[in-house]
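The structure appears below as structure tokens.
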Protein chains: 2
Amino acid sequence: MVRTRPLKVALLGCGVVGSQVARLMTTHADDLAARIGAPVELAGVAVRRPAKARGHVDPELITTDATGLVTRGDIDVVVELIGGIEPARTLINAAFESGASVVTANKALLAKDGPALYAAAEKQAADLYFEASVAGAIPLLRPLRESLAGDTVNRVLGIVNGTTNFILDRMESSGAGYGEALAEATALGYAEADPSADVEGFDAAAKAAILAGIAFHTRVGLDDVHREGITEITAADVASARQMGCTVKLLAICERAGDGRSVTARVHPAMIPLSHPLANVREAYNAVFVEAESAGQLMFYGPGAGGVPTASAVLGDLVAACRNRLNGGLGPGESAYAQLPVSPMGEVVTRYHISLDVVDKPGVLAQCAMVFADHGVSIDTVRQTGKDGEAQLVVVTHRATDAALGATVEALRRLDTVHGVASTMRVEGE
Amino acid sequence: MVRTRPLKVALLGCGVVGSQVARLMTTHADDLAARIGAPVELAGVAVRRPAKARGHVDPELITTDATGLVTRGDIDVVVELIGGIEPARTLINAAFESGASVVTANKALLAKDGPALYAAAEKQAADLYFEASVAGAIPLLRPLRESLAGDTVNRVLGIVNGTTNFILDRMESSGAGYGEALAEATALGYAEADPSADVEGFDAAAKAAILAGIAFHTRVGLDDVHREGITEITAADVASARQMGCTVKLLAICERAGDGRSVTARVHPAMIPLSHPLANVREAYNAVFVEAESAGQLMFYGPGAGGVPTASAVLGDLVAACRNRLNGGLGPGESAYAQLPVSPMGEVVTRYHISLDVVDKPGVLAQCAMVFADHGVSIDTVRQTGKDGEAQLVVVTHRATDAALGATVEALRRLDTVHGVASTMRVEGE
């Protein structure tokens, strides 16, 4: 059943993920051929530093001329694992123009220029697959794009960045501060030398944009995603969450508004109850909840990063793209027909956990409560602890818009009896 | 972008799932058209009792002539939701012969006659999709068939029957016996009047056969699946599991042998640690772990049954089949190239929890321990409790073949000092 002419694959980038893709294409060549229906051959590997030893790759396949490789005319599928915007974007467009399909793990590029890439693929009747761009090895984009294609997704909520989850998990389990936990993550290879893409939430925000776009059949750009990182999270925040029976996680949350007419996408730390399944996602694992109108609540869990797991996702896409080359089919293209507006963060409905340092005298609680009432925010619980003329007021609100909650905090800050707002954090997952 | 000629769908069966599929096809017609690229039209609904009121279906579409509907020549996709072997099998084959693609939720038929159905589909270059046959709304078959197509799956382990999970969950949470928990499940609609397909493990075994076949690219029939139900589980078993920090679940387990040269598939109750994520799968939910060589450990969780969730899976498949009709593509067909032998239960490596009623005198433990040693089974823990000249010995073994473990239990039973084997249960998930 296996035809003789092999499908030709060009690999762009041979780093942590690319080298594993090359290895697996070699060691699992027979399995891949049987599953695709034709042998699949690594036709070339474009790298920046050709001198670097690459154990699994025939040195003759190595080239520094990525453009030449992509445009040589006989490539069936280009696997782009360079990352970043350029030269990845130019190379992917060149691949489509040469008639090749593309498999990529490039979340930054997808989040920034997804629509243009989809259009380029569609124009050439080529495939664009990118499962590996979100949540590593976890099958998530294919279930959203295909399995749930007959359903209405209302919410996607999850942990999509392993580095920050590792840091928060360490802070939770050891009581360490942010700096200490980051240092440990760096030492263990979970955080990069410059960790800002992870800890500032840029990585998660790109993934949220991709997820929201697919889930809601709507274009969601990186600028549409509200983003807060974890650099301001303190050991006290984590301890305070624990007192409430919660833990702190960096969440990506994409939601359809109650009336179905708009959507939101955001990345920020939040307290979630310890009883919530996401609370038990440890170390660098990822997990994503999907709530759909008919399917109900689904969860997907697994390794969110790492060379080998990510290579699994890339190879799954490669098999799909190759099958389509053989059968004349085409994977799902962009589906942005719903064209829903993306609302700003102020319109998101959430809950706040607020710690206030206040003067310890009668009437302060009443005064603060009045501020919440004035902003239409109702209070779920208040806990008051006092010592030495100072008191701490910990308030958890009911659900309200982020704008109302934020305005409440600003108004509290202006009260004479409030010395300071020790922390505010959103509460999710209830 | 939406073409005018609609794709025509024939629905066979309009029960719990079928009526929801019909409803969603109507209420979500615009979304489906946008996602497929063409409108999709319900061309006919074949039922046994046409007089029964069906709110969402135009009465003119109702027919009792399923064969006539399937073979009328203009049907693009047949959605088979009758269940059982006949007439479903004949109708599906007629659908393929008429050039239609097929979407089905029929696990019994897939487990029994999957290879013949795949062959019939392939002969006509038609699609056969069946996501809804296993784990209801949870995207599981598509991730296994497509997302993990470039990986090597070593293990699939999960809760795939909601009825038995509901019963075991009730036994666990309330201390109820099997009969009482079954009665509650029946009263709440979680168990059918004749619950044997669920409680005897037939339903889970069919799903295990389907999962093993897809996971290992090998034909696995219903007869290849070792099957034990939950009817013999007692409140004492559940209490005993709890004492060990475990709970009892009915598991479907498909494994590749350590040397990769054979596979096994089985369904039986087992103790799993309370710390295992599957231990927290409550009520009628399903959850499935997948362990793959590159991807690592993945988990999929969600509603495993119910009309609306199952309809979500059916519609996802319907969209895929329709897209393929439009684009000229083809979904994945049977992939049984690996042709691995399916080993019998005796070769499965597992652990036993054994409760023995023994004479309370010195030397009995030594005598029993010798029996384990004689069968090459090593002991993990022993707990001995005595009263009134009778003692109970609770032994948990290390890993050994099921044949060795079973032979050990038989030999223990024959000892004069052993009055009886109170219970034996496998221990998994560690």
Side-chain angles (χ1 to χ4, degrees), chain A residues 1 20 24-25 28 31-32 34-36 125 131 136-144 146-152 217 277 280 287 290 292-303 306 308-320 323-324 327-332 335 337-338, chain B residues 1 20-21 24-25 28 31-32 34-36 125 131 136-144 146-152 217 277 280 287 290 292-303 306 308-309 311-320 323-324 327-332 335 337-338:
Chain A
M1 297 291 293
Q20 293 301 326
L24 291 165
M25 281 184 66
H28 291 54
D31 282 321
L32 292 172
R35 296 174 192 184
I36 290 166
E131 180 68 76
I138 309 174
L140 182 60
L141 302 190
R142 182 170 278 103
L144 278 172
E146 304 186 38
S147 305
L148 291 167
D151 209 330
T152 303
H217 299 270
N280 292 310
V290 176
E293 187 183 290
S294 300
Q297 197 173 61
L298 308 170
M299 188 174 80
F300 303 82
Y301 169 92
V308 182
T310 306
S312 169
V314 169
L315 284 176
D317 280 353
L318 179 61
V319 169
R323 279 178 178 163
N324 288 341
N327 297 331
L330 203 58
S335 175
Y337 72 92
Chain B
M1 297 293 291
Q20 293 302 328
V21 169
L24 292 164
M25 282 184 65
H28 291 55
D31 281 322
L32 293 171
R35 296 174 192 183
I36 290 166
E131 180 68 76
I138 310 173
L140 181 60
L141 302 190
R142 182 171 279 104
L144 277 172
E146 304 185 39
S147 305
L148 292 167
D151 208 329
T152 303
H217 298 270
N280 293 310
V290 175
E293 188 184 290
S294 300
Q297 197 173 61
L298 308 170
M299 188 174 80
F300 303 82
Y301 168 92
V308 182
S312 169
V314 169
L315 284 175
D317 280 352
L318 179 62
V319 168
R323 279 178 177 163
N324 288 341
N327 297 332
L330 203 58
S335 174
Y337 72 92

Heavy-atom pairs under 4.5 Å with chain B - which of [options] has more of them than the others?
options: Gly331(A), Gly296(A), Gly328(A), Ala338(A); value: Gly328(A)
options: Met299(A), His28(A), Glu146(A); value: Met299(A)
options: Ser147(A), Ala311(A), Gly302(A), Pro277(A); value: Ser147(A)

Rounded to the nearest 0.5 Å, how far apart are CG of Leu140(A) and CG of Leu298(A)?
10.5 Å
Nearest 0.5 Å, please: how far is CG in Asn327(A) from CG in Asn324(B)?
9.0 Å
Give the member of [options] that has the highest number of heavy-atom pairs under 4.5 Å with chain A.
options: Ala137(B), Gly136(B), Ala125(B); value: Ala137(B)
options: Gly329(B), Pro309(B), Pro332(B); value: Pro309(B)
options: Asp31(B), Ile138(B), Leu24(B); value: Asp31(B)

Under 3.5 Å, which donor-acceptor pairs link side chains of residues 312-320 of chain A to any protein atom two or more places apart or in another chain?
residue	atom	partner	partner atom	Å
Ser312(A)	OG	Asp151(B)	OD2	2.6
Asp317(A)	OD1	Arg142(A)	NH2	3.2
Asp317(A)	OD2	Phe130(A)	N	3.3
Asp317(A)	OD2	Glu131(A)	N	2.8

Ser335(A): which residues meet the side chain to side chain contact (heavy atoms under 4.5 Å, CB included) condition with it, sequence neighbours left out?
His217(A), Tyr337(A), Arg35(B)
Using every non-hydrogen atom in the two residues, find where Ala292(A) and Leu148(A) come nearest and quote the distance to one decimal.
CB-CD2, 4.4 Å
